[in-house]
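Worksheet for the structure shown next.
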Amino acid sequence: MKRNDELYYPIGIVAEMFDVSVGTIRAYEKEGLILPRKTEGKHRYFNRNDISRIACIRKMITEKGLNIAGIKMIFSIIPCWEVKQCSTEDRTHCPAYHNADAPCWEIKNMDSVCGPLDCRECPVYIDMHNCDDLKNTLKRFYTLKKEAKKG
DNA sequence: TTTCTAACA
DNA sequence: TGTTAGCA
């Protein structure tokens, strides 16, 4: 499938790619690990970033021994407020800033500065797709504030 | 045939 | 995670 010059795959193909059931892929979405787009008919379709994320998830599960809850926890401690350079005022009113039980893209509400934005297009979500460089990605997230002060 | 949601093993 | 039911 192709949409906006980007290739998309149905859940069956994706499940086949990683040798897992479609139910497993759906479980990743249900737990907030991935945010596949959906058609009007509710059908999920996955782009390259989704595929990359799933590869990372599979790697953490099979090679690091983590489960879905463990991966969700890692995603939940991403300092999105540093990535988005949120002001003190923004942080005060943002539920994601005060919650570490779910990734920000799961608890976003319309009252926060991220309200009208699509998390699928946010670096907080997108940059977590590279498993091989996960540690550096997290490190970069945490040092953004310092770099902003320098520059 | 494939995918969907929801409930349950 | 997997399975099943009932639907589109």
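Chain identifiers are assigned alphabetically (A, B, ...) following the order of the sequence lines, protein sequences preceding nucleic acid strands; residue numbering begins at 1 within each chain. The structure presented is a predicted model; accordingly, all values stated were derived computationally and were not measured.
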> Which two nucleotides bound the region of DNA chain C that has atoms under 4.0 Å from heavy atoms of chain A, read 5' to 3'?
Replying inline: dT1(C) to dG2(C)

Could you tell me whether the side chain of [X] and the main chain of [Y] form a donor-acceptor pair under 3.5 Å?
X         : Y         : answer
Arg91(A)  : Cys86(A)  : yes
Arg26(A)  : Ile11(A)  : no
His98(A)  : Thr92(A)  : yes
Thr137(A) : Asp133(A) : yes
Trp105(A) : Gly32(A)  : yes

> Just checking Lys30(A): base, sugar-phosphate only, or nothing, at a heavy-atom cut-off of under 4.0 Å?
Replying inline: nothing

> Contact class for Gly23(A) (heavy atom, under 4.0 Å): base, sugar-phosphate, or nothing?
Replying inline: nothing

>> Under a 4.0 Å threshold between the charged nitrogen and the carboxylate oxygen, would Glu121(A) count as salt-bridged to Arg37(A)?
In response: yes

> Taking any atom under 4.0 angstrom from a heavy atom of chain A, which nucleotides of DNA chain B are the first and last to qualify, 5' to 3'?
Replying inline: dT3(B) to dT5(B)

Please list, one pair per line, the donor and acceptor atoms closer than 3.5 Å that link side chains of residues 56-64 of chain A to other protein atoms, with sequence neighbours excluded.
unit_1: Arg58(A); atom_1: NH1; unit_2: Tyr28(A); atom_2: OH; d: 2.8
unit_1: Lys59(A); atom_1: NZ; unit_2: Asp132(A); atom_2: OD1; d: 2.6
unit_1: Thr62(A); atom_1: OG1; unit_2: Arg58(A); atom_2: O; d: 2.8

> Closest nucleotide of DNA chain C for Arg26(A) versus for Ile68(A): which of these residues is on the 5' side?
Replying inline: Ile68(A)

> Which one is paired to dT3(B), where only Watson-Crick or G-U wobble pairs with both distances under 3.5 angstrom count?
Replying inline: none

>> Nearest 0.5 Å, please: how far is NZ in Lys38(A) from NE2 in His43(A)?
In response: 11.0 Å

